[in-house]
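Residue numbers start at 1 and run along the sequence shown. In this text, all values refer to a predicted model and were calculated from it rather than measured experimentally.
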Amino acid sequence: MQALIEQALKSNAWPFQEARAILKKINHKVPKKGYVLFETGYGPSGLPHIGTFGEAVRTTMVRKAFELISDIPTRLFCVSDDMDGMRKIPDTFPNKEAFLQYMDLPLTAVPDPFGTHESYGANMNARMRAFLDKFGFEYEFLSSSECYKRGDYNEALLKVLDKYEDVMAIMLPTLGEERQKSYSPFLPVDPESGKVLQVAVLEIDKKQGTITYKNPNGNLITSEVTNGKCKLQWKPDFGMRWAAFDVDFEMYGKDHLANGPIYTKICQTIGGKPPHQMFYELFLDDKGEKISKSKGNGLSIDEWLRYGTQASLSYFLFLSPQKAKRLFFDVIPKCVDEYLSFIKSYPTQEPDKQLENPAFHIHEGKPPVASSPVSYSMLLNLVNACNTEDANVLWGYIRHVAPEATSENCPMLAEMMNRAINYYDDFIKPHKKYKEPSAEERKALHDLVTKFTGLTQQTPPEEIQNHVYNVGKEHGFEIKDWFTALYQILLGSSQGPRFGSFVALYGVDETIKLINSRIA
């Protein structure tokens, strides 16, 4: 174990790099609170999405890396900003007009439009917890509303009030001229309407811990800043929360990167020590444009899991988190197969290479031993060739290369098969376009049938591949063009895995029938 720790302390894998930075931040000592705190935030105005999963899974990867190199206890807080006022009615609301009366109320004070929880905020929080639980994350869920009302933030809020002028000096230069006139870091909860107000603060009383403002009815209100009577604007809230909980690590999207120094200054201004911070790049769509919820140009987690495995999604999120990546349907097959290759190589790797293998971080140091005898891309081509949605038919073909394979002893393959059928139905089948073979291609295919006629199901894939290669050369084709033509003519696709491996899986006799059907 000590050797593994020593390797981890030198590993170039980004979770270990971040873990070492946290260890350096705390000077290799147990913090006064008794543990190292990881934190992630969630805005409950919408459903959990792939970015939510990404932040949770990446933070967990860093946490587990830290736990390997240190025996200091850790905790992960998932904080829901559910005290935010409802500034916009989500499109998912039935009877949206009926909710106009609840504008600016805290999300935990807005009635649940779906009638399943005591508030909209509670509904979204329940969905968030169910989401995190579904994927097995180890975390502690905190409601911002409860933290404010329970007094968890009281000490930090009074420090913000005490350093009011300093906080304003940090915030005002970041605002437009008009916004500066009415800005205050405190958003009072109006006792008359219950709404979270964005109003100018007319007077502060540091000794009494109060602010005075004029509410929408024109009444002068003096309110405590503690016990849920006020909340903070989101940027000061970020820094205040870091100080209140003594957060040691937080990651956020690149859209927060410019605000990181603001959160840090506010945290420091009220006497806190800011956490080690990591940013991750945002996702791009198939055209290279930023993904936007309003544009609907992204890929949901349910959509990924319809076509790919959860592990393949974790793999995608592990890869170079600080580089922009296209998040679209066509990346899924590649990610599934690359994940499989890392699972396959893991047992034979040296310990230092295992620590850099994505499988180590995806599976918290314990990757599954079993893999799949067939790649995802091969499955796609098998489904394509068979033109079937019947998994039993596919298992029959798979036993050509893996005679003992069943859904029970190859669960990873069974999962991939179901996903491959979905992918074929939605993305390949509707767009299949077969190439009509040219005269020379017909001759070559006739020769290929002759070559295959002497083969058996036991013929090794490499020998089959050589026959295909030689026929292409004999007919004067550029080899790349020859294999492309095979897939276009036989499968209506422009690419695929090694053709010899495909024939071994599909069957020599079945391949002969397939070729004859296309050149008849």
Side-chain angles (χ1 to χ4, degrees), residues 57 133-137 301-302 304-316 318 332-349 353-354 357-426 428 455-465 496-511:
V57 76
D133 293 341
K134 174 183 176 182
F135 296 110
F137 290 111
I301 197 163
D302 287 337
W304 184 291
L305 296 180
R306 174 169 169 78
Y307 309 114
T309 60
Q310 180 183 330
S312 69
L313 175 56
S314 295
Y315 167 74
F316 174 78
F318 173 86
I332 295 176
K334 180 173 181 284
C335 284
V336 175
D337 280 341
E338 287 180 0
Y339 162 77
L340 289 176
S341 70
F342 281 111
I343 289 288
K344 184 177 180 180
S345 65
Y346 185 85
T348 60
Q349 289 180 316
K353 295 300 180 184
Q354 287 183 330
N357 188 320
F360 179 92
H361 300 277
I362 292 167
H363 297 288
E364 300 182 5
K366 299 177 181 178
V369 176
S371 185
S372 170
V374 179
S375 70
Y376 188 82
S377 56
M378 188 72 77
L379 275 175
L380 285 175
N381 280 275
L382 179 61
V383 178
N384 191 354
C386 297
N387 196 25
T388 182
E389 298 175 7
D390 188 341
N392 291 323
V393 172
L394 300 176
W395 280 109
Y397 285 102
I398 286 169
R399 292 189 186 101
H400 288 162
V401 294
E404 305 302 320
T406 66
S407 58
E408 288 74 27
N409 62 26
C410 291
M412 190 179 294
L413 175 56
E415 183 183 13
M416 287 166 47
M417 187 182 295
N418 292 330
R419 306 298 197 273
I421 290 171
N422 291 339
Y423 195 94
Y424 170 75
D425 281 345
D426 294 351
I428 298 176
L455 306 181
T456 70
Q457 192 57 53
Q458 285 68 47
T459 303
E462 200 58 44
E463 184 178 334
I464 298 172
Q465 184 79 5
R498 285 178 65 83
F499 198 78
S501 299
F502 168 73
V503 174
L505 175 63
Y506 189 50
V508 173
D509 291 341
E510 287 81 356
T511 304

Novice: Find out whether Arg419 and Leu379 are in side-chain contact, i.e. whether some heavy atom of one side chain is under 4.5 Å from a heavy atom of the other.
Specialist: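 A side-chain contact is absent here, since even the closest heavy-atom pair is not under 4.5 Å.
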Novice: Mind checking the CE-CZ spacing from Met378 to Arg498? Nearest 0.5 Å is all I need.
Specialist: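 It comes to 9.5 Å.
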Novice: Please name the pair of heavy atoms, one in Thr309 and one in Ser312, separated by the smallest distance, quoted to 0.1 Å.
Specialist: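 Closest approach of Thr309 to Ser312: O-OG, 2.6 Å.
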Novice: Any side-chain heavy-atom pair from Met417 and Leu382 closer than 4.5 angstrom?
Specialist: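 When only atoms from C-beta onward are counted, Leu382 and Met417 do not touch, as no gap falls below 4.5 Å.
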Novice: Applying ring-ring contact (aromatic ring centres under 6.0 Å, His included), can you list everything that pairs with Tyr424, at least two apart in sequence or on another chain?
Specialist: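 Residues passing ring-ring contact (aromatic ring centres under 6.0 Å, His included) with Tyr424: none at all.
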Novice: Can you give me the closest heavy-atom contact between Val57 and Ser314, atom names plus distance?
Specialist: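 Looking at all heavy atoms of both residues, the shortest contact is CG2-OG, 3.9 Å.
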Novice: Does the Asn357 side chain pair with the main chain of Phe342, one donor and one acceptor, at a distance under 3.5 Å?
Specialist: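 Flag set: sc Asn357 to bb Phe342 pair under 3.5 Å.
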Novice: Would you compute the distance between atom OH of Tyr307 and atom CG of Leu380 and round it to the nearest 0.5 angstrom?
Specialist: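 Reported value, rounded in 0.5 Å steps: 12.0 Å.
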Novice: Drop me the distance from Ser375's OG to Leu413's CG, to the nearest 0.5 angstrom.
Specialist: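 If we round to the nearest 0.5 Å, Ser375:OG and Leu413:CG are 10.0 Å apart.
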Novice: Please enumerate all residues that pass side chain to side chain contact (heavy atoms under 4.5 Å, CB included) together with Thr456, with sequence neighbours excluded.
Specialist: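 Scan of Thr456 (side chain to side chain contact (heavy atoms under 4.5 Å, CB included), adjacent residues dropped) gives Gln458, Thr459.
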Novice: What is the minimum heavy-atom distance between Met416 and Val374, and which atoms define it?
Specialist: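 Answer, listing the atom of Met416 first, then Val374: CE-O, 3.5 Å.
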Novice: Look only at the side chain of Asn384 and the backbone of Ile428, and say whether a donor-acceptor pair between them is shorter than 3.5 Å.
Specialist: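 Not a single qualifying donor-acceptor pair exists.
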Novice: For the pair Asn422 (side chain) and Arg306 (backbone), establish whether a donor and an acceptor sit closer than 3.5 Å, ignoring hydrogens and angles.
Specialist: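 A pair under 3.5 Å: yes.
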Novice: At their closest point, which heavy atom of Phe360 faces which heavy atom of Gln354, and how far apart are they?
Specialist: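 Phe360 and Gln354 have their closest heavy atoms at CB-O, 3.2 Å.
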Novice: Applying ring-ring contact (aromatic ring centres under 6.0 Å, His included), can you list everything that pairs with Tyr376, at least two apart in sequence or on another chain?
Specialist: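 Tyr376: no ring-ring contact (aromatic ring centres under 6.0 Å, His included) contacts found.
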Novice: Would you name the heavy atoms of Gly365 and Tyr346 that are closest together and state the gap between them?
Specialist: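 Nearest heavy atoms, Gly365 then Tyr346: O-OH, 4.1 Å.
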Novice: Write down the atom of Arg399, the atom of Ala405, and the distance for their closest heavy-atom approach.
Specialist: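 Minimum heavy-atom contact is NE-O, 3.2 Å.
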Novice: Report the distance from atom NZ of Lys344 to atom OG of Ser372, rounding to the nearest 0.5 Å.
Specialist: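 Rounded to the nearest 0.5 Å, the NZ-OG separation comes out at 10.0 Å.
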Novice: I want to check something: taking the side chain as every heavy atom from C-beta on, are Leu394 and Cys386 in contact at a cut-off of under 4.5 Å?
Specialist: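 Touching, per the 4.5 Å side-chain cut-off.
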Novice: Indicate yes or no for a side-chain donor-acceptor contact from Asn381 to the backbone of Phe502 under 3.5 Å, with no hydrogens or angles considered.
Specialist: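 No, the answer is negative, given that no donor and acceptor are paired below the 3.5 Å cut-off.
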Novice: Does Pro461 have any side chain to side chain contact (heavy atoms under 4.5 Å, CB included) partners at least two apart in sequence or in another chain, and if so, which?
Specialist: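 So Pro461 forms a side chain to side chain contact (heavy atoms under 4.5 Å, CB included) with Ser501, Ala504.
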Novice: Working to the nearest 0.5 Å, report the span between NE2 of His361 and OH of Tyr315.
Specialist: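 Between His361 NE2 and Tyr315 OH, I get 13.0 Å after rounding to 0.5 Å.
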Novice: How long is the straight-line distance from CD of Gln457 back to CG of Leu505, given to the nearest 0.5 Å?
Specialist: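 Nearest 0.5 Å value for the CG-CD distance: 9.0 Å.
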Novice: Do Ile343 and Ile362 come close enough that some side-chain heavy atom pair is under 4.5 Å?
Specialist: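 When only atoms from C-beta onward are counted, Ile362 and Ile343 do not touch, as no gap falls below 4.5 Å.
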Novice: Taking only residues two or more places apart in sequence, or in another chain, which ones meet Trp395 in a ring-ring contact (aromatic ring centres under 6.0 Å, His included)?
Specialist: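 Partners of Trp395 by the ring-ring contact (aromatic ring centres under 6.0 Å, His included) criterion come out as none, since no residue qualifies.
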Novice: Under the ring pair (Phe, Tyr, Trp, His ring centres under 6.0 Å) rule, what pairs show up with a residue in residues 396-420, not counting sequence neighbours?
Specialist: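 Output for this query lists Tyr397-His400, Tyr397-Tyr506.
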